[in-house]
Amino acid sequence: MRPPVDGTRLARFTRAERWVHRCTAGLVLLCVATAACLYLPQLAVLVGRRRLVTTVHEWAGLLLPVPLLLGLGSRALRRDLGRLNRFAPYDREWLRAVLWRGYHRPAGKFNAGQKLYAGWIAGAVVVMLGSGLLMWFTGLAPLAWRTGATFVHDWLALAVGVVVLGHLWMAMRDPEARRGMRTGSVDRRWAAREHPHWQPAEGAEPTGEEPADDVEPTGEQPTGDAEPTAAEPTGGQPVEGDGPAGDGQPSRSRSSR
Amino acid sequence: MNDNPDTRGTPVGRRVMLGVIALGAAGVAAGPTLSKSLDSVLSGLSKQDPTGLTGLLPDAGGFRYYSVTGPVKPVAAADYRLTVDGLVDRPAGYGLADLQALPQHRIVHDVQCVTGWRVPATPFEGVRLADLLDAAGVRPGATAVHFSCFDGSYTESLTLDQARRDDVLVALKMQDQPVSHDHGGPVRLYVAPMYFYKSAKWLSGITVTPTVQRGYWEQNGYDVDAWVGRSNGRDDAPTG
């Protein structure tokens with residue numbers, strides 16, 4: 001099913017991206033649910049079956065990165081990862097606005113909060129996977145490591161639970177963002193309001209896949225780290241012309257958050 | 001200024017990710033020390049916490065509930081039955097009152113779980129397993145004891161020498177209360193010097209056997225002779 005794209009809809013996520021999100025979400029929920037059954041005494045009493053629950057938890061955790069790794073085959077997904085990775089001056093503006101409860105919150109395809117969430121959760125998954133493997137394969141490392149891994153796994157699990165709840169909370173409050181992840185397309189006015197700096201590639205709307213000659217968005221260019229962001233010519237200012245907002249001024253950010 | 005990933009911008013996402021990974025690695029390295037100090041702080045806190053919420057935090061001390069089957073149906077004190085059979089001269093069945101009528105022994109040791117948690121100075125009280133074995137009369141040729149449980153799945157084992165130790169009890173009380181259902185009541189095994197998986201909950205059968213039959217977790221790779229500090233690759237302080 002192609003995302004419906006017409007005058008009012010704008011392609012946001014390709015089918016590959018949506019399936020990566022769906023599979024990852026399912027595995028995360030499985031991890032969280034089984035963790036709760038192993039960990040919370042009330043649930044442990046109710047569910048029991050410790051060996052089965054442990055096995056499901058271990059495999060769900062091990063498979064967790066697989067959807068994303070498979071998804072790296074999609075150019076659109078790689079490109080979005082690049083977008084999540086890079087902070088532009090308007091992202092700092094967004095963070096400042098959140099901090100000071102300001103109304104003007106400019107963002108590209110992803111806002112600074114989404115970018116921070118992506119980076120944090122990616123790191124957390126790697127740590128959970130590593131510490132989990134140390135606990136699973138007890139012969140892998142000395143006992144002190146296992147104790148340390150258990151400590152990190154337990155506490156980070158708590159943090160991940162809170163942060164993922166926050167992620168769900170944000171989604172719950174924004175039906176159009178959810179529709180974007182469910183159907184692949186979003187309302188143009190929503191995009192103009194929430195993501196004024198987002199510039200969908202011209203001519204690639206129907207699938208969101210980029211032309212083949214597109215630059216690889218790996219973010220690994222040798223000069224990337226050293227690039228002075230202040231040199232960006234129009235920091236924070238919306239570009240004219242090819243922004244997503246056909247029906248409004250892109251600079252008018254929403255004030256109701 | 002645009003949103004294309006290849007037009008640079010600081011790679012904050014990557015830095016955040018690597019930062020979290022570095023913190024995680026540091027946490028693993030510092031974990032043994034950190035968890036000890038947190039442990040004492042949290043167990044202090046949880047003693048004064050009327051809501052019991054701190055008990056849900058990691059390392060808050062106390063027992064954790066493990067069961068290898070689905071929900072275990074509680075057995076009322078009046079319906080409880082413990083059988084002693086196998087290579088014995090006088091197979092027997094005990095109700096809870098019968099066990100209570102036998103000489104009771106109270107011992108206090110730390111409880112150490114093989115997954116790492118430890119509960120200090122926990123009193124257990126009950127009948128010495130040695131007394132039940134003597135009453136049944138162990139026949140020549142027997143070398144081990146096999147335990148079964150009314151959850152229908154869990155099993156455990158000891159050698160006869162281990163089973164005859166003074167600090168191995170058929171426990172009727174834990175923390176000076178009748179053993180609760182969640183802790184394996186009305187009657188559980190308590191093997192003080194070994195990791196806590198040897199102390200089978202919901203004990204229902206004692207069978208004297210010619211050889212050691214490995215128990216539930218032992219079939220899944222745990223040590224049969226589970227001395228605390230000298231088995232399962234761990235170096236905890238002994239509890240026996």
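Here is the naming used below: chain letters follow the sequence lines, and residue numbers restart at 1 for every chain. What you see is a predicted model, and the numbers here were worked out from it, not measured in a lab.
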Asks: May I ask you to check whether A/R92 and B/T10 show a side-chain donor-acceptor distance below 3.5 Å?
Replies: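 Present: a donor and an acceptor within the cut-off.
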Asks: A/W94 versus A/V98: any side-chain heavy-atom pair under 4.5 Å?
Replies: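 In short, these two side chains touch, coming nearer than 4.5 Å.
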Asks: For the residue pair B/H109 and B/Y190, does the interplanar ring angle fall in the parallel (under 30°), tilted (30 to 60°) or perpendicular (over 60°) class?
Replies: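 Tilted.
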Asks: Can B/E218 and B/K198 be counted as an ion pair, charged N to O under 4.0 angstrom?
Replies: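 A salt bridge is present here (some side-chain N lies under 4.0 Å from a carboxylate O).
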Asks: Name the member of B/A25, B/G233, B/G116, B/A22 that forms the most heavy-atom pairs with chain A at distances under 4.5 Å.
Replies: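 Of B/A25, B/G233, B/G116, B/A22, B/G233 has the most heavy-atom pairs under 4.5 Å with chain A.
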Asks: Name the member of A/M128, A/R146, A/M135 that forms the most heavy-atom pairs with chain B at distances under 4.5 Å.
Replies: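 Most pairs with chain B among the choices: A/R146.
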Asks: Any side-chain heavy-atom pair from B/V111 and B/T239 closer than 4.5 angstrom?
Replies: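 No, every pair of side-chain atoms sits at 4.5 Å or beyond.
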Asks: Heavy atoms only, distances under 4.5 angstrom: which of A/V47, A/T147, A/L52 has the most pairs with chain B? Name it, please.
Replies: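 That would be A/V47.
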Asks: Would you mind checking if B/D236 and B/R118 are paired as a salt bridge, meaning a charged N to carboxylate O distance below 4.0 Å?
Replies: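 Salt bridge: no.
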Asks: Please flag which part of B/L34 lies under 4.5 Å from any non-hydrogen atom of chain A: side chain, backbone, both or neither.
Replies: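 Answer is both: backbone and side chain atoms of B/L34 are under 4.5 Å from chain A.
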Asks: What are the two closest heavy atoms between B/Y154 and B/D151, and how far apart are they?
Replies: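 So the minimum-distance heavy-atom pair works out to N-OD1, 3.0 Å.
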Asks: Using heavy-atom distances under 4.5 Å, tell me whether A/A44 contacts chain B through its side chain, its backbone, both, or neither.
Replies: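 Contact with chain B is through both the backbone and side chain of A/A44.
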Asks: Check each atom of B/N220 against the heavy atoms of chain A and say whether the ones under 4.5 Å are side chain, backbone, both or neither.
Replies: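 The side chain, not the backbone.
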Asks: Where does A/V126 contact chain B at under 4.5 Å (heavy atoms): side chain, backbone, both or neither?
Replies: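 Interface part for A/V126: side chain.
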Asks: Sort A/L116 into side chain, backbone, both or neither according to what part of it lies under 4.5 angstrom from a heavy atom of chain B.
Replies: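 The answer is both parts of A/L116.
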Asks: Name the option with the most non-hydrogen atom pairs under 4.5 Å to chain A; the candidates are B/N232, B/T69, B/V16.
Replies: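 Heavy-atom pair counts peak at B/T69.
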